[in-house]
Amino acid sequence: MGENSSVEIIVANPGTGKTTTLAKKVASLLKEGVNENDILCITFTEKAADHMLRNIEKEVRKQGIVRADIFGIRVSTFHSYAMQYLKERDISPRIVGNNYLRYSIYRSVMERNVFNYQAEYIIDQLIPKIENAIRYLKSFGILPDQIARNKCIPDLEDMYSQEGVSNATLEEVTAFLSYFIDIFRDYETRKNRDGRMDFNDLLIKFLQIYHEKPARFRYVLVDELQDVNDLEAEIARLSGDNIFLVGDRKQAIFGFQGGSVSNFQMFMDQKGAIVSKLGMNYRSTSRIIEYSREYYEAVSSQGAEELQEFRAYYQEEGEDIDLCITKDPYSVVLSRIEEQLPSLQNTDKKLAVLVRTNGQLEEMGQLLTERGIQFSSTISGGLVSNARRDILTMIRGIFSSQPEDMVNSLFTPFSGVSMRDAFNISQARRRDRLDAEALKKMIGEKGGIPAREFDAGNLMELFDSVVIPVSITMGRGYFDSAVAIKQGIIEYFEIGGEKTLDEMMDFLSFCDYGSDSGDSESNIVLSTVHKAKGLEFDQVLYIPSGERKKRSFIDVVMHSILKGTLGKDSREDLNQEDVRVDFVAFTRAKKKLSIVKKPTNGNSFYIQGKTTLIDPPETISGKQQRKLYDEAYALFLSGNLEASKSLLEDKRKWVRETISSYFQGLKSISFSMVNTSTKPFEFLKRYVLAVPLSTKALSKGTRIHKIAEDLFTMEPEVSEEDRVYFENIKNIHREIEDKFSMMQTGAEKNMVMDLDKAFPEIKEADGITFNGKIDAVFSDASGDNHLILDYKTDRTSDYGSDHRQQLSVYRRIYSVGTGIPENRIMVALGYVSLRGSINTGKIGYLLDCNQPRPSALDTFKKHLGELIHYRNDPEYFIEALMAKEEDDTLYRYITRYL
């Protein structure tokens with residue numbers, strides 16, 4: 001900006017017509033004789049850019065400016081403006097999306113062995129957060145080579161002590177700082193090697209070469225100033241002689257993308273800046289405006305002074321704001337929607353359900369779908385969780401050679417076999433220990449989808465012939481998810497390198513695709529607040545988020561890098577964002593605003609004289625009759641005509657019969673079986689249906705227990721990977737010897753005992769045996785005192801009380817079997833694989849000699865009594881299964897037969 005440049009800022013409160021104001025500014029410039037090619041208008045989305053252009057055209061026509069060629073005005077997003085600028089200078093970027101970034105993060109995390117979590121948690125929870133952190137830092141122009149680790153550590157230590165980070169020590173967070181820089185660098189290296197750029201790279205490259213090849217406009221107009229990040233603010237400043245900015249810092253809700261109130265303030269503080277305010281709201285009733293203003297003024301100081309002029313144009317007071325505080329907001333909202341449906345029919349009125357997160361969006365959308373309520377969505381909401389799980393399980397089963405994968409895939413709607421056949425195959429596999437080839441043959445005989453060789457062609461054919469047709473029968477969410485996963489497969493095969501099934505499955509697990517769901521013409525709109533920004537609705541039902549969570553270790557590292565690299569601390573700005581999100585949600589409503597909140601901090605939304613407290617309906621919709629897919633039709637589409645016909649003819653309640661048969665034949669139980677009896681659906685999957693359970697953690701546990709068993713009789717051969725566990729086991733043995741003067745006298749002792757002998761106080765326990773295994777037994781020289789040791793491969797010792805409950809049972813069984821009094825038998829837990837959340841290279845051990853509480857055995861006996869009740873009365877189990885409804889496709893298939 002030169003000496004004769006100017007900055008004009010319009011602070012536009014919600015509903016005050018900021019887009020119209022911007023369009024009028026363009027029209028006035030044209031009227032003054034400014035050439036169309038000298039005007040640049042910038043906003044954030046292509047949709048907003050189109051809307052802006054239409055408003056400019058409307059205003060130009062309204063003012064009768066005949067000569068204007070509005071298409072000569074550049075109306076653009078920041079990214080498309082930067083891309084066009086680069087192309088005009090012979091730089092043609094190949095853009096990568098967020099999935100490429102997540103894929104790179106995943107590879108780095110796994111190759112560097114960063115975390116000690118299970119892969120599922122890493123993929124679902126950590127990789128998206130690391131992705132957001134990298135994109136956030138790049139929005140400030142920070143690249144990995146600019147980060148000096150040592151400069152960040154002091155700020156990291158301060159933030160760690162201030163924020164109260166859970167689940168990670170300071171040592172671990174400091175280690176993650178180094179990991180994060182490496183992950184960030186890996187991404188940049190891979191991307192640059194492939195000749196790719198991401199959206200932040202467009203802005204960074206623009207600024208790198210701008211001074212060599214400047215492109216200036218006389219006037220630059222920027223919408224949504226509060227959402228401008230550092231790079232975008234600099235681009236706007238450099239691109240024009242005169243800058244016209246419109247925004248509202250009270251609506252700054254994109255801080256996670258680098259949007260900053262500080263940039264808003266930076267422009268306002270410029271010398272000579274002209275600032276004016278728009279306060280007249282043309283959207284909402286007086287009551288909604290008054291409530292929104294008082295709520296914001298009570299909890300935030302950022303921009304609160306701008307609300308003095310915030311008032312309603314229309315002289316309609318309107319209704320009080322409804323506030324319902326309930327433990328089940330989704331059911332309350334569903335009930336309110338059902339009440340409103342008749343009044344919405346044959347009108348153009350819109351009722352919006354606004355939520356904070358995609359998780360809330362999916363849960364609410366699923367309830368609406370199950371009730372058969374049509375809705376539209378303003379969000380590209382990602383995949384439906386059940387659909388993703390079912391489709392990926394099916395893919396793995398078709399292309400894998402592992403029996404567990406093949407059997408698991410049979411319990412999805414895509415398998416080509418009926419649920420009964422899936423059960424029979426699963427039982428046969430467990431009973432006869434069938435290998436992969438035998439399973440393939442059996443599945444083929446039942447008309448199931450045959451196994452295929454892993455390649456792109458076979459995957460595409462499978463989707464076109466089976467997955468997408470069957471998904472149509474499952475509803476819009478499944479269909480959208482199937483199309484999205486197919487898109488993800490195409491993207492995976494476009495990325496260079498050797499392709500494997502495991503790697504593709506991981507890629508599909510963390511890739512983020514989705515399309516708008518629901519009927520686009522519906523009166524019901526479901527959206528996050530972020531996607532609803534700029535929109536308006538006759539009624540708004542708002543479900544705020546819960547209490548603010550502690551900052552994660554990823555957040556602490558991200559903010560310490562920002563502070564250590566640029567000297568900026570944006571934490572306070574982000575801390576205030578919840579209030580601004582609420583404010584945006586409130587001001588989307590035209591006639592009616594209702595807030596449905598869980599009890600945590602619910603009263604903070606109550607304002608005397610403006611709010612009416614509403615009790616939850618006496619009969620909340622609760623369990624709904626679910627719209628289930630037609631299994632017979634799915635079998636027909638999968639090509640299994642005989643099974644489809646047979647299913648239509650079969651009216652017997654085979655699931656009920658299967659459950660009854662299982663419990664009638666139940667003769668032997670284990671601790672884990674008794675423990676799982678409190679979770680009926682888990683029990684059904686694991687024991688009744690024999691759905692395989694196989695994880696890397698179980699595999700490691702088996703190896704470690706074998707090492708411990710061999711150590712009792714010989715010096716075992718141990719791999720380098722398992723050497724640390726071997727040493728930890730020996731250290732635990734030495735500690736037992738030192739503390740209790742005991743030596744090991746047994747290993748892997750099998751315990752089989754009649755249940756009524758061990759627990760005579762349990763009624764109707766006759767005819768059942770208990771099976772268990774003691775990892776190690778230690779005794780003193782006199783043989784009077786003994787210790788039962790259970791090895792644990794847990795990452796932490798947080799679940800010690802649960803483990804001790806198991807040991808209390810084993811002590812009872814061992815005492816009855818050996819005649820040794822229980823008070824002569826100690827129990828202990830030997831943790832051999834203790835490590836933090838983040839890999840610091842240390843794997844520790846712990847001998848936990850705390851004894852079970854007296855109530856531990858009582859709890860077990862209570863659960864045992866429940867399992868025996870199931871055995872004696874299978875209908876009781878069915879009632880328990882139906883009472884604990886699960887958000888799982890298999891659950892829905894099973895319960896439709898009950």
Side-chain angles (χ1 to χ4, degrees), residues 92-111 119-120 122-124 127-128 130-131 134-135 183 186-199 201 380 382-385 387-402 405-406 408-409 412 414-416 436 449-472 478-515 638:
S92 298
R94 295 174 61 208
I95 299 298
V96 298
N98 293 339
N99 291 331
Y100 185 98
L101 172 53
R102 290 187 179 191
Y103 178 66
S104 176
I105 293 168
Y106 168 76
R107 287 184 59 182
S108 297
V109 162
M110 293 308 183
E111 289 169 1
E120 183 178 359
I122 294 172
I123 289 170
D124 291 345
I127 287 179
I130 298 173
E131 172 214 349
I134 289 175
R135 287 195 288 113
I183 292 166
D186 289 345
Y187 165 63
E188 292 296 322
T189 300
R190 288 188 182 110
K191 174 172 57 63
N192 295 338
R193 183 188 60 218
D194 293 342
R196 304 288 189 97
M197 297 176 72
D198 60 31
F199 287 107
D201 288 328
S380 231
L383 304 179
V384 176
S385 298
R388 185 201 292 264
R389 182 171 60 245
D390 288 342
I391 294 171
L392 297 190
T393 299
M394 183 275 303
I395 292 173
R396 185 176 286 280
I398 298 300
F399 295 97
S400 171
S401 60
Q402 297 299 315
D405 296 332
M406 297 168 68
N408 277 322
S409 72
T412 72
F414 308 97
S415 65
I449 298 174
R452 307 182 185 199
E453 183 179 346
F454 176 69
D455 62 43
N458 282 332
L459 279 159
M460 293 300 100
E461 194 277 329
L462 178 68
F463 266 74
D464 292 341
S465 64
V466 176
V467 179
I468 290 178
V470 171
S471 294
I472 292 172
Y478 264 76
F479 173 73
D480 287 345
S481 297
V483 172
I485 291 174
K486 182 180 177 182
Q487 181 185 350
I489 292 171
I490 293 170
E491 181 174 358
Y492 172 74
F493 278 94
E494 288 176 348
I495 298 173
E498 183 181 353
K499 302 304 174 190
T500 67
L501 176 62
D502 285 343
E503 187 181 66
M504 186 193 75
M505 297 305 295
D506 289 336
F507 179 84
L508 295 176
S509 296
F510 59 68
C511 75
D512 183 23
Y513 293 101
S515 58
S638 299

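Numbers for residues simply follow the sequence, beginning at 1.
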Practice problem: Please indicate whether Glu111 has more than 12 foreign heavy atoms, meaning atoms of other residues, nucleotides or ligands, lying under 6.0 Å from its CD. | Solution: yes
Quiz item: Can you tell if the side chain of Ile449 reaches within under 4.5 Å of the side chain of Ser415, non-hydrogen atoms only?
Solution: no
Quiz item: Is any side-chain heavy atom of Leu101 less than 4.5 Å from a side-chain heavy atom of Asp198?
Solution: no
Practice problem: Anything under 30° is parallel, anything over 60° is perpendicular, the rest tilted; go ahead and classify Tyr103 against Phe510. | Solution: tilted
Quiz item: Will you find, in the side chains of Asp194 and Tyr100, an N or O donor that is under 3.5 Å from an N or O acceptor?
Solution: yes
Quiz item: How close do Ala482 and Ile391 get, heavy atom to heavy atom, and via which atoms?
Solution: CA-CD1, 3.7 Å
Practice problem: Answer yes or no: is there a donor N or O on one side and an acceptor on the other, between the side chain of Arg94 and the main chain of Met197, under 3.5 Å? | Solution: no
Quiz item: With a 4.5 Å heavy-atom cut-off, do Arg388 and Leu508 have their side chains touching?
Solution: no
Exercise. List the atom of Phe414, the atom of Val467, and the distance in Å for their closest heavy-atom pair.
Key: CE2-O, 3.5 Å
Quiz item: Are the side chain of Asn192 and the backbone of Glu188 linked by a donor-acceptor contact shorter than 3.5 Å?
Solution: yes
Quiz item: Quick one: are Ile485 and Phe463 in side-chain contact, heavy atoms under 4.5 Å?
Solution: yes
Quiz item: Between Arg107 and Asp186, is any pair of side-chain heavy atoms under 4.5 Å apart?
Solution: no
Quiz item: Can you pull the salt bridge (charged side-chain N to carboxylate O under 4.0 Å, His left out) pairs that have at least one residue in residues 452-469, sequence neighbours excluded?
Solution: Arg452-Glu461, Asp464-Lys486
Practice problem: Could you check if a side-chain atom of Leu462 sits within less than 4.5 angstrom of a side-chain atom of Phe399, using non-hydrogen atoms only? | Solution: yes
Quiz item: For Asp390, which residues count as a side chain to side chain donor-acceptor pair (under 3.5 Å) partner, sequence neighbours excluded?
Solution: Tyr478, Thr889
Quiz item: What pair of heavy atoms forms the shortest contact from Ile395 to Met505, and how long is it?
Solution: CG2-SD, 3.8 Å
Quiz item: Considering all heavy atoms of both residues, which atom of Val96 and which atom of Tyr187 are nearest to each other, and what is their separation?
Solution: CG2-OH, 4.0 Å
Quiz item: So, Arg190 versus Ser104: side-chain donor-acceptor pair below 3.5 Å or not?
Solution: yes
Quiz item: Are any side-chain N or O atoms of Ser400 and backbone N or O atoms of Gly397, one a donor and one an acceptor, separated by less than 3.5 Å?
Solution: no
Practice problem: Sort and list the pairs that fulfil salt bridge (charged side-chain N to carboxylate O under 4.0 Å, His left out) and have at least one residue in residues 493-511, not counting sequence neighbours. | Solution: Arg396-Asp502
Self-check item: Min side-chain heavy-atom separation Met406-Gln402 under 4.5 Å
Solution: no
Practice problem: Please report the shortest heavy-atom distance between Pro450 and Ile398, naming the atom on each side. | Solution: O-CG2, 3.7 Å
Self-check item: Closest contact, heavy atoms only, Phe454 versus Leu501
Solution: CE2-N, 3.6 Å
Quiz item: Taking the six-membered ring for Trp, are Phe507 and Tyr106 ring centroids under 6.0 Å apart?
Solution: no
Quiz item: Is any side-chain heavy atom of Ile95 less than 4.5 Å from a side-chain heavy atom of Asp201?
Solution: no
